[in-house]
Amino acid sequence: MSPRGRGAGVTWRVLLARLATALAITLCLGLIGLPLVALLLRVPAATLLVRLADPLVLAAIRLSLVTSLAAAGLIVLLGTPVAWLLATRDFRGKRVMEAVIDLPMVLPPTAAGVGLLLAFGRTGLAGRALASLGISLPFSTAAVVMAEAFVALPFFVGAAAAGFREVEPRYLDAAATLRASPGTTFFRVMLPLALPSVVAGATMSWARALGEFGATITFAGNLPGVTQTMPLAVYIALETDLDAAVALSVLLVVLSLTVLVAVRALPLGPAGLRRAHRDAR
């Protein structure tokens, strides 16, 4: 084949590759974008505000915000030591521990709800002990918080551990040279340097908790004002009031999009902080 023929063949292959890439990008954006556009166009803005003022809708919104924030706080409290351990220590069984922590990300939510019910139900593994103390978790607001924390915990641990790993050892060595205690080193050196990643992980886990459905309805039920969060209210409203379901769905989309944009605006981790400082100079 002549050089001209080979060049033409290469040109056609490059053109086909570009067309295939453009088609894949278009289909991907369409797959994600069209449902969102359909939601936004379904109900006029004035009608949307009226539907959001409905008492049942307001109750679902209020409960979702309270339980998701409580779940996020619980996740930060329990997940920070785990993230620190995974980021700074090597030990036998570490890979297994990481897999167990990440499991809720791939576990079907309904299966997670069944597991929570079997563990913390009245006849569950821990439920019997709790029942003897007069504590009943299933089908309560506390059950909603637990279900949301269960499914959202991996998002925080992964982001926080990545931030802790990026802290340069020389800062920790300097703290040790000054005879700082481990607690002082963590709270005065490691945590501030990894704070953007910790905040990003907490924000992502809150957003995931806000949208939780399967584990919640299985473990906590769907009681208006008690366990009916926004995703559950959407599910029920689809059968009787489509406009209310759309209004709640739009609100969830707006909140989730706001969270994602905010997280991407954060200078994640120490490396991001250094880049921000260089840009500022």
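Annotation: side chain of V82 is in contact with side chain of M97 (closest heavy-atom distance under 4.5 Å).
In this structure, S64 contributes its side chain and M230 its backbone to a donor-acceptor pair below 3.5 Å. Checking side-chain atoms of T141 against main-chain N and O of V226 turns up a donor-acceptor pair under 3.5 Å. Using modelled atom types, no side-chain atom of S197 and backbone atom of A162 make a donor-acceptor pair closer than 3.5 Å. Looking at T185, its side chain never comes within 3.5 Å of a backbone N or O of A175 through a donor-acceptor pair. S140 contributes a side-chain N or O that, together with a main-chain N or O of L137, makes up a donor-acceptor pair within less than 3.5 Å.
Screening residues 98-107 for salt bridge (charged side-chain N to carboxylate O under 4.0 Å, His left out), with sequence neighbours left out, gives R95-E98, E98-R165. Listed by first and then second residue, the salt bridge (charged side-chain N to carboxylate O under 4.0 Å, His left out) pairs involving residues 198-222 are R208-E212 (not counting sequence neighbours). Applying the ring pair (Phe, Tyr, Trp, His ring centres under 6.0 Å) test to pairs two or more places apart or on separate chains, none has a residue in residues 105-152. Residues in residues 15-27 take part in no salt bridge (charged side-chain N to carboxylate O under 4.0 Å, His left out) pair, two or more places apart or across chains. Counting only residues at least two apart or on different chains, no salt bridge (charged side-chain N to carboxylate O under 4.0 Å, His left out) pair has a member in residues 114-142. Among pairs with a residue in residues 23-40, none fulfils side chain to side chain donor-acceptor pair (under 3.5 Å), at least two apart in sequence or across chains. For residues 203-224, the ring pair (Phe, Tyr, Trp, His ring centres under 6.0 Å) pairs, not counting sequence neighbours, are F213-Y235. Within the structure, side chain to side chain donor-acceptor pair (under 3.5 Å) contacts touching residues 73-93 (residues at least two apart or in different chains) are D90-K94. Note on residues 20-73: no pairs pass ring pair (Phe, Tyr, Trp, His ring centres under 6.0 Å), not counting sequence neighbours.
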- Task: Take L86 and F91, measure what side chain to side chain contact (heavy atoms under 4.5 Å, CB included) needs, and give me the verdict at the end.
- Result: CA-CA 9 Å; L86 295 177; F91 52 90; 4.2 Å; yes
- Task: Go through the steps to decide whether V37 and L40 satisfy the test side chain to side chain contact (heavy atoms under 4.5 Å, CB included), and finish with yes or no.
- Result: CA-CA 5 Å; V37 172; L40 296 174; 5.7 Å; no
- Message: Using the rule given for side chain to side chain contact (heavy atoms under 4.5 Å, CB included), can you reason through V151 versus L107, listing the C-alpha separation, both sets of side-chain angles and the distance that settles it, and then say yes or no?
- Response: CA-CA 9 Å; V151 300; L107 189 68; over 6 Å; no
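The nearest pair of heavy atoms linking T227 to T216 is O-CG2, 4.2 Å. In terms of heavy-atom proximity, A152 sits nearest to S205 at CB-O, 3.3 Å.
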Please output the side-chain donor-acceptor pairs of residues 251-259 that fall under 3.5 Å, not counting sequence neighbours, one pair per line with the distance.
residue: S256; atom: OG; partner: L252; partner atom: O; Å: 2.8
residue: T258; atom: OG1; partner: V254; partner atom: O; Å: 2.7

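For the salt bridge (charged side-chain N to carboxylate O under 4.0 Å, His left out) test, no residue two or more places apart in sequence or in another chain qualifies with R62.
Counting side-chain heavy-atom gaps under 4.5 Å among Ile, Leu, Val, Met, Phe, Trp and Tyr, the cluster of L27 also holds L23.
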